[in-house]
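Single-structure report; data block below.
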Amino acid sequence: MLQLQFIRENRDEVIDRLAVKNFKAATLVDEIIELDNTRRSAQKELDDILAQSNQLAKEIGNYFKQGESEKAARAKSESIQLKAKAKELEPVLTETIELLNSKLIELPNLPHSSVPKGRTPEDNEIVHSEGTIPQLFDGAVPHWDLASTYQIVDFELGNKVTGAGFPFYRGKGARLQRALINFFLDEAIEAGYLEYQTPLLVNAASGHGTGQLPDKEGQMYFAPEDNLYLIPTAEVPLTNIYRDVILKDTDFPVKNVAYSNCFRREAGSYGKDVRGLNRLHQFDKVEIVQIQHPDKSYATLDEMKEHVAGLLRKLELPFRILRLCGGDMSFTSALTYDFEVFSAAQQRWLEVSSVSNFEDFQANRMKLRFKDKEGKTRLAHTLNGSALALPRIVAALLENNQTEDGIKIPEALQSYTGFKFID
RNA sequence: GGAGAGUUGGCAGAGUGGUCGAUUGCGGCGGUCUUGAAAACCGUUGACCCGCAAGGGUCCGGGGGUUCGAAUCCCUCAUUCUCCGCCA
């Protein structure tokens, strides 16, 4: 969430910048400032009452010691009255704070100044394209057909055992998954990231920390018996490691990576978007997270963007990088680059990674801070990116590398798969 | 799942109703001494809210209660350890 003080001091700027995200903030911002004013005066009033009764309590102690029981009794009754007043004020203050917080988390993050205006994916800005789109032979087919021809992904079996969007990977298909996971992890470790294996279920506090709650509640699988959420991405546990943590400024940059299963309900999806591996309820992803000093977070964003580009280059996939427009960005992001690979049989671009700088938006929710050189406590910046999500990479690899005799495995992966060909 | 014992500042560890936001040690930071370092000695060292400041308030696992007053008493939840049960 945004910092209250910043909102108070930059009301007009907040409203203008949120307009880039097509968010009409004026009413909400004014409500927030008004609520904060109420909060401040209520707090002051309560603090004064408490100060008086603290003072009285000390005096009463002294009176008792000196055996002045009459004075003590008088002070006592005075104190009881103060206490009654405090009892009235307390709920007013708590309610105000709760209301203020609930309004505050409705405000999205401010977009970076380079974010283009726009409403739909068509308004995203292509900042880079690389690789050549392969010309497939006649009779080339989409990956879902390849999956059944070579018996490497079984969607029907997934339907039977679980439901749509939960495929089985089989034989060389399963091996390919494992190869990609190891390849992505090794590349990240090589780039200085520390590997984690995280829990796949998290509590509500963690969901709030990274911003999935409350706005994306319906997107997560939930286990009500235990009040736990299945993670939609390893970003959640990996970033929440630092919830309520104060780092030293020599700790930067914190670079973490985790492979995990990801679970997404994807309510309301339909049609060609969800065919085959294009969109699943359970999928595999390697996620990179960095925590950085505010002055360096944009340089870090570029570094992470280059890391992801390097992976796609090694996999020999044609890709492009988009700078998301205000309307297509997530609630929490200040600047997001999406990576898309071209899947040659479907003839469409598939999103395989999203790399974002959240600046201090998540950090503010999580109370993730650091001590700067002057010893002041400040919010850190958080960033994350997929490096990479597997299903659409697999889709593109299968489609783009198909030949009449089988599917070629890119060279960089061969030492991981142990085979060069799926046939 | 059952029984018992814990949860205090970066760490260790005192404190069982009143000048306790908290003794002390270690660690950190600053200084004296030293060519430099170590040792020794001195000082300093939590977070948050309101306030220009002075100052005030909140926080001893979380929440609630008793009391004029709670780290200290009561309830509750979480969590750790030990024993038993169950299981990988």
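Chain identifiers are assigned alphabetically (A, B, ...) following the order of the sequence lines, protein sequences preceding nucleic acid strands; residue numbering begins at 1 within each chain. Fair warning: this is a prediction, and the values are worked out from it, not measured in the lab.
Annotation: of the two residues near RNA chain B, A:R39 and A:K58, the 5′-most nearest-nucleotide partner is A:K58. The 5' end of RNA chain B is approached more closely, in terms of each residue's nearest nucleotide, by A:K371 than by the other of A:Q55 and A:K371.
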Could you walk me through whether A:D123 and A:K117 pass salt bridge (charged side-chain N to carboxylate O under 4.0 Å, His left out), step by step?
-> CA-CA 7 Å; A:D123 298 321; A:K117 285 194 171 152; over 6 Å; no
Would A:D372 and A:R378 satisfy salt bridge (charged side-chain N to carboxylate O under 4.0 Å, His left out), going step by step from the backbone distance to the final call?
-> CA-CA 7 Å; A:D372 68 13; A:R378 298 170 56 189; 3.8 Å; yes
Pair A:N256-A:Y193, side-chain hydrogen bond (donor to acceptor under 3.5 Å, both in side chains): steps then yes or no = CA-CA 5 Å; A:N256 292 334; A:Y193 290 87; over 6 Å; no
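B:G51 makes up no base pair with any nucleotide shown, lacking Watson-Crick or G-U wobble contacts both under 3.5 Å. With both pairing distances under 3.5 Å, B:G4 is matched to B:C81 as a Watson-Crick or G-U wobble pair. In this entry B:A22 has no Watson-Crick or G-U wobble partner, no candidate having both defining distances under 3.5 Å. The nucleotide B:G69 finds no pairing partner, because no Watson-Crick or G-U wobble arrangement with both distances shorter than 3.5 Å includes it. Remark: B:C87 base-pairs with no nucleotide in the shown strands. Criterion, Watson-Crick or G-U wobble with two distances under 3.5 Å. Pair assignment for B:C33 gives none, since no Watson-Crick or G-U wobble pairing has each distance under 3.5 Å. As the counterpart of B:U44, B:G28 is assigned, both hydrogen-bonding distances of the Watson-Crick or G-U wobble pattern falling under 3.5 Å.
Comparing the P positions of B:A22 and B:C59 gives an interatomic distance of 14 Å, to the nearest angstrom. Atom P of B:U80 sits at a distance of 22 Å from the matching atom of B:A88, rounded to the whole Å. Atom name P, nucleotides B:G17 and B:C73: the rounded distance is 8 Å, in whole Å. Comparing the same atom, P, in B:U23 and in B:A40 gives a spacing of 22 Å after rounding to whole Å. B:C42 and B:G46: their C1' atoms are spaced 23 Å apart (whole Å). Between B:G15 and B:G63, the two C1' atoms lie 24 Å apart (nearest whole Å). Comparing B:U8 with B:U82, their C1' atoms sit 22 Å apart, to the nearest whole Å. One C1' atom belongs to B:G64, the other to B:A78, and the distance between them is 15 Å to the nearest Å.
Contacts classified as ring-ring contact (aromatic ring centres under 6.0 Å, His included) and involving residues 76-112 of chain A (residues at least two apart or in different chains) are given here: A:H112-A:Y298. For residues 201-243 of chain A, the set of pairs meeting the ring-ring contact (aromatic ring centres under 6.0 Å, His included) definition, not counting sequence neighbours, comprises A:F222-A:Y229.
Looking only at distances, a side-chain donor or acceptor of A:N240 sits under 3.5 Å from a matching main-chain atom of A:S206. Under a 3.5 Å cut-off, the side chain of A:R323 and the backbone N or O of A:E125 do not form any donor-acceptor pair.
Residue contacts shown for A:N54 are limited to sugar-phosphate atoms, with no base heavy atom under 4.0 Å away. A:K248 comes within 4.0 angstrom of no nucleic acid atom, judged by non-hydrogen atoms across all strands.
Protein chain A contacts RNA chain B over a range whose 5' and 3' limits, counting nucleotides with an atom under 4.0 angstrom from a non-hydrogen atom, are B:G18 to B:G69.
Heavy-atom neighbours of A:E9 CD from other residues, nucleotides or ligands within 6.0 Å: above the threshold of 12. A 6.0 Å sphere centred on CZ of A:R313 holds more than 12 heavy atoms belonging to other residues, nucleotides or ligands.
For the residue pair A:Y150 and A:D423, no side-chain donor N or O sits within less than 3.5 Å of a side-chain acceptor on the partner. Residues A:Q292 and A:T300 bring a donor and an acceptor atom of their side chains to less than 3.5 Å of each other. Side-chain atoms of A:T210 and A:Q362 form no donor-acceptor pair, as typed in the model, at a separation below 3.5 Å.
Near RNA chain B, meaning a heavy atom under 4.0 Å from it, residues 194-205 of chain A has no residue at all. Using a 4.0 Å cut-off on heavy atoms, the residues of residues 74-99 of chain A that approach RNA chain B are A:K76, A:S79, A:I80, A:K83, listed by number. Listed by residue number, the members of residues 289-297 of chain A with any heavy atom below 4.0 angstrom from RNA chain B form an empty set.
Using a cut-off of 4.0 Å between Lys/Arg side-chain N and Asp/Glu carboxylate O, A:E156 and A:K160 are scored as not salt-bridged.
Using cut-offs of 30° and 60° on the angle between ring planes, the pair A:F319 and A:H128 is tilted.
By the 6.0 Å and 45° rule, A:K172 stacks over the aromatic ring of A:F419.
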